[in-house]
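Encoded as structure tokens, the structure appears first; notes follow it.
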Amino acid sequence: MSRPLRSAGWTAGDDETALEHRVALRMGGAHVSASDSRPIIGIAHSASDLNPCNLPLAALADAAARGVTEAGGIPVIFPTISLGEDLMKPSAMLYRNLLSIEVEETLRSNPIDGVVLLTNCDKSTPGALMGAISTDLPTILAVGGNRPAPFFQGRRIGTGTDLWRMLDRRRAGEIDNATWNEFENCYACGTGSCNTLGTASTMALMAEALGFSLPSAGTVQAGSTRSVQIAEASGRRAVELVEWDLRPSRILTPAALHNAAVVLQAVAGSTNAVLHLAAIAGRAGLSFGQDMLQRIGSAVPVLTDVEPTGQYLMAELDEAGGLPTIVGVLGELIDPAVVTVTGGPLLGGASAAWGVAVRPLHDPVFPGPAIRGVRGSLAPDGAVLKAATSSPQLWRHRGPALVFSDYLQMRARLDDPDLEVDEGTVLVLRGCGPIGVPGMPEWGMVPIPQRLAERGVTDMVRVTDARMSGTSYGTVFLHAAPEAALGGPLALVRDGDPIVVDVEDGRLDLDVEASELARRRAAWVPPVSEHLRGWPALYQRHVMQAPSGCDLDFLVGDTAAKRRFVEPVIGRS
Ligand code: FES
């Protein structure tokens with residue numbers, strides 16, 4: 001390495017602190033000399049028994065370390081908080097920004113020249129990436145991969161999507177207890193991320209589309225030989241990224257975000273990605289949002305035939321060649337003026353590689369745009385709809401509101417046989433935004449009320465300031481901003497108020513007289529948080545709204561001065 005290494009600030013020299021640093025690294029297995037020219041590569045991973053999605057990462061950390069060593073670097077493996085979607089309550093989203101802080105500060109405070117981020121479950125990919133982007137140290141990301149698919153009643157089970165479908169059938173009275181229990185035993189099918197195109201798969205594809213992962217790394221299958229090979233190759237590449245001085249600031253550009261938006265629409269990815277990409281962009285002083293998606297999306301059909309939009313699983317998308325195949329099909333819709341961790345642009349694969357899970361442009365799964373934005377008097381700063389998994393017959397709708405002021409109230413009232421609701425009712429779930437809970441859980445896919453489900457109703461218009469799982473479906477207007485806890489219009493809705501949606505016109509309105517709304521606003525009392533200390537209190541004080549990606553206001557890199565990475569003073573600790 002001809003350039004001075006960042007880590008040399010810790011390890012070079014003959015004073016007592018350099019000696020102490022070299023000894024500390026040696027005790028961890030990294031033998032570093034005073035004149036060492038090998039880069040030290042951090043390998044961040046979050047394998048945890050509390051997070052089955054990330055369990056494959058322990059083995060991949062060793063594989064990445066082998067790759068670093070092979071390429072002439074020094075690997076140092078370090079743990080991070082494990083954001084498991086299933087068990088963390090109220091939502092792993094509450095801790096995404098905490099992970100980003102942990103990654104940023106671990107990198108800042110240690111002798112690390114570049115980093116391999118090993119991630120998998122939904123929030124771990126954006127959280128780790130946000131932290132690394134803020135350091136602007138050479139970064140590569142590899143995911144642990146999708147879990148295998150079990151068989152239930154003769155067909156393969158897609159994580160999340162098939163659970164929600166089973167729940168719908170159970171609420172419709174079609175599934176008895178024995179079948180439900182049989183499904184539970186079948187559903188635990190191994191470690192790795194959801195095998196559908198949920199948020200984890202979407203974010204793995206986004207990391208690759210942005211240029212932070214090796215080609216086809218985003219669709220790798222958990223436990224496969226290829227997942228080990230990609231981790232090793234990512235370790236090797238991390239050393240080269242340091243040699244090339246290829247930093248996130250060169251990779252994360254407006255063109256890279258354009259490509260991410262195109263791919264997000266082409267795969268009908270999770271609506272959560274809209275938030276995560278906004279937060280990722282914000283760290284680099286860039287922007288990403290529903291207007292960009294709308295602009296790009298009208299030209300991008302849905303190409304991937306994967307649940308919840310299509311019929312196959314991530315394994316078939318991987319067999320079809322993954323992102324390079326999608327990029328190849330998208331052709332000129334992809335901006336070539338980007339640089340990725342390969343050192344070159346985002347490359348498209350050969351069309352001969354198409355499998356069943358990727359369609360050609362002229363025969364899409366859905367015409368697009370897969371994700372659409374709306375605005376109006378009910379959501380002045382916007383809301384999003386996963387149009388690809390919604391019901392087009394509900395895109396123009398006017399119906400009376402039925403309001404649930406929080407999640408527990410919704411769960412308690414939803415199956416009340418006396419609930420005044422029919423299929424034209426608009427279900428409103430509020431108080432579930434980033435400040436409200438806090439952490440904006442995936443509560444937005446409000447179940448169809450029992451008596452309507454029993455009558456065969458499968459979809460209704462729903463409006464919420466919550467998120468929903470990337471594996472979910474339905475005509476759900478999500479991320480309504482400003483949220484109710486901040487006094488957004490959602491806070492003022494009452495049962496029976498007419499709500500008007502028009503997806504083609506991009507509208508979401510509350511049809512109530514302004515004078516009446518003014519009266520309600522004057523009487524509105526802001527909710528009082530129970531969180532007086534700790535991370536939730538800090539989060540509530542600083543979290544921004546959905547259009548800003550729910551990042552914390554003091555983490556955003558909106559000026560050059562804020563983006564400057566401040567090195568620690570290196571001396572005695
Ligand atoms: Fe972890 Fe889906 S719950 S990836």
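As the structure lists them, so they are numbered: ligands from 1, and atoms in each ligand from 1. Everything numeric in this text was worked out from a predicted model, so none of it was measured.
- For ligand 1 and A200, the ligand atoms under 4.0 Å from any heavy atom of the residue are 4 (S).
- Against a heavy-atom cut-off of under 4.0 Å, D122 is close to the following atoms of ligand 1: 2 (Fe), 4 (S).
- Looking at E104 and T135, their side chains never bring a donor and an acceptor atom within 3.5 Å of each other.
- Atom 1 (Fe) of ligand 1 has an N, O or S atom of C53 closer than 2.8 Å.
- Under the 3.5 Å distance criterion, with hydrogens and angles disregarded, a donor-acceptor pair is assigned to the side chains of S91 and R467.
- Between S201 and N146, the side chains place a donor N or O and an acceptor N or O closer than 3.5 Å (distance only, hydrogens not considered).
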Evaluation steps, side-chain contact (heavy atoms from CB on, under 4.5 Å), between Q221 and S227: CA-CA 7 Å; Q221 299 301 288; S227 72; over 6 Å; no
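- The parts of S193 lying near ligand 1 are both backbone and side chain, judged by heavy-atom distances below 4.0 Å.
- Taking every non-hydrogen atom of C121 and a distance limit under 4.0 Å, the qualifying atoms of ligand 1 come out as 1 (Fe), 3 (S), 4 (S).
- Of all the listed residues (K123, E85, E442), E85 holds the heavy atom that lies closest to atom 3 (S) of ligand 1.
- Residue C194 approaches ligand 1 through these ligand atoms, each under 4.0 Å from one of its heavy atoms: 2 (Fe), 3 (S), 4 (S).
- A cation-pi arrangement is present between R170 and W180, with the terminal nitrogen or guanidinium carbon under 6.0 Å from the aromatic centre and inside a 45° cone about the axis.
- Note on D162 versus R155: salt bridge recorded, some NZ/NE/NH1/NH2 to OD/OE distance being below 4.0 Å.
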